[in-house]
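Please read all numbers here as calculations on a predicted model, not as lab measurements.
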Number of protein chains: 2
Amino acid sequence: MDQAIITTPPTTASQIYDWLRRRVQTTDLPPGARISETEIAAEIGISRQPVREAFIRLAADGLAEVKPQRGTYIGKISVGAVLSARLIREAVESDLTKMVAQLRPKDGLAAMQAQIDLQKQYLGPDDVECFVESDDRFHRQLAIAAGHEAVWNDLERLKAQINRLRHLSMRVFDRQHTIDQHQLILNALTAGDSYAAEAAMRAHLRQILDDMPQIRQAQPEFFTD
Amino acid sequence: MDQAIITTPPTTASQIYDWLRRRVQTTDLPPGARISETEIAAEIGISRQPVREAFIRLAADGLAEVKPQRGTYIGKISVGAVLSARLIREAVESDLTKMVAQLRPKDGLAAMQAQIDLQKQYLGPDDVECFVESDDRFHRQLAIAAGHEAVWNDLERLKAQINRLRHLSMRVFDRQHTIDQHQLILNALTAGDSYAAEAAMRAHLRQILDDMPQIRQAQPEFFTD
DNA sequence: TATGGCATACTTCCATACAAGTAAAGATGA
DNA sequence: TCATCTTTACTTGTATGGAAGTATGCCATA
């Protein structure tokens, strides 16, 4: 995939960024939490500078907010941002779905089924992380099957907001329901039923509209309008 | 719009970032150009640090590439990135178009017409910047009319890649053609013809597929695959 | 002439010191 | 007791020096 033969070792700042980003996505660093350049730097035994640059990149992703001279905070889950990211995702993935329903690439559909089968093994309470990752791969395979994997990479940037919410909801809601929706989509795709596949995809991606209010009610301090 | 009453003065780094970003978007800093922390810092009489942080933010936007110990370069226009951003935009805006065709908000449609009228005054060779801005406002008004202005803000991040290309093409191609397409979309919206409006929007957003190869042929050094 | 090794001049990266601003605790006064 | 001012500890922002790595040109050598 990546044609780069020589790989420069990642900088310290990049490693800090990756580490922090993972912790934010999994809500290990909860929304609204305060983080400090000095504190983290001391914790891992480096200077403030690389940590600071990681903060800047997190802020660029909309995952943190740097308030000059006041502090840096993990961004709360913005309901508005989730809604617009969701709308974008629905529009794009329904277009991709229609493409795949017409192409019906054998390998692509098989890869999607493989992810569904995998998801059935990740229903336990400790499998949230694995389930979410397979869920992502299912949707990535859709983009690949449509011949536009790059589109999924762009979507992932927007999905940053959604990911934390989904991570919270997957702990609570029935993952089997998600699997059923995936299967419904794939069945329609396999049958080449473009209309049904699009409808199933849109319904699937609207699920979060039902889930979000409940998650918010349970942990209102994680959210903002 | 913005509820923030107290406004902290922007940091030096932020100002450098805004300045550089504008220069990149207008191709004043051409794709592939080399930029240097030391050079820019000396040029405006500050230290390297704020410049460096501006570079990091540009890189996060996909507008620059920082190669450790080697140099920083303005990102070339990635054909793949443009294509996937375009596909996303088409999917989203065609959904928005369908929404507006059903809602037919009087004020929103009037605001869109106002932008079209404005665009007719920006056909001169020095009006590229004004035309592009009005073009953006036309599409933003569509999102507003659909009740999802936030969606347009998200799209603008992805559009960063497209903007430079459009800036190049608007100098060359007939802007009247763009205006005609806008009017075609708006007429269908006003008539409440959802199907025609969506088709017109998709056709409009596919225009770049025709333009890009010609721009690339004229200036191949600005592009990469 | 061509080639390999080396010095040199760059680049960004990281560490450190200080500056500027914020916020909260505590002292002081009524 | 309450309000107000001051101090103090904290935050991020900026400047600067040096470290690590890269690219380039020079020069010796075959």
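Computed from coordinates, the A/Tyr73 OH to C/dA23 P distance equals 8 Å when rounded to whole Å. For the pair B/Arg48 CZ and C/dC14 C1', the computed distance is 10 Å after rounding to whole Å. B/Glu65 places its CD atom 14 Å from the C1' atom of C/dT11, with the value rounded to the nearest Å. The nearest whole Å value for the distance from the NZ atom in A/Lys67 to the C1' atom in C/dT22 is 12 Å. Atom CZ of A/Arg70 is separated from atom C1' of C/dA20 by 15 Å (rounded to the nearest Å). Straight-line distance from the CZ atom of A/Phe55 to the P atom of D/dT11: 11 Å, rounded to whole Å. The CD atom of A/Gln49 sits 14 Å away from the P atom of D/dT16 (whole-angstrom rounding).
A ring-centre distance under 6.0 Å is found for B/His182 and B/His139.
OP1 or OP2 of D/dG13 has not a single side-chain nitrogen or oxygen of B/Thr11 nearer than 4.0 Å.
If B/Glu37 and A/Ile46 are placed on DNA chain C by their nearest nucleotide, the residue sitting closer to the 5' end is B/Glu37.
With hydrogens and angles left out, the side chain of B/Gln69 and the base of C/dT12 share a donor-acceptor pair within 3.5 Å.
Counting non-hydrogen atoms under 4.0 angstrom, A/Ile35 reaches the backbone sugars and phosphates but no base.
Salt-bridge check for B/Asp136 with B/Lys159: passed, with a basic side-chain N closer than 4.0 Å to an acidic carboxylate O.
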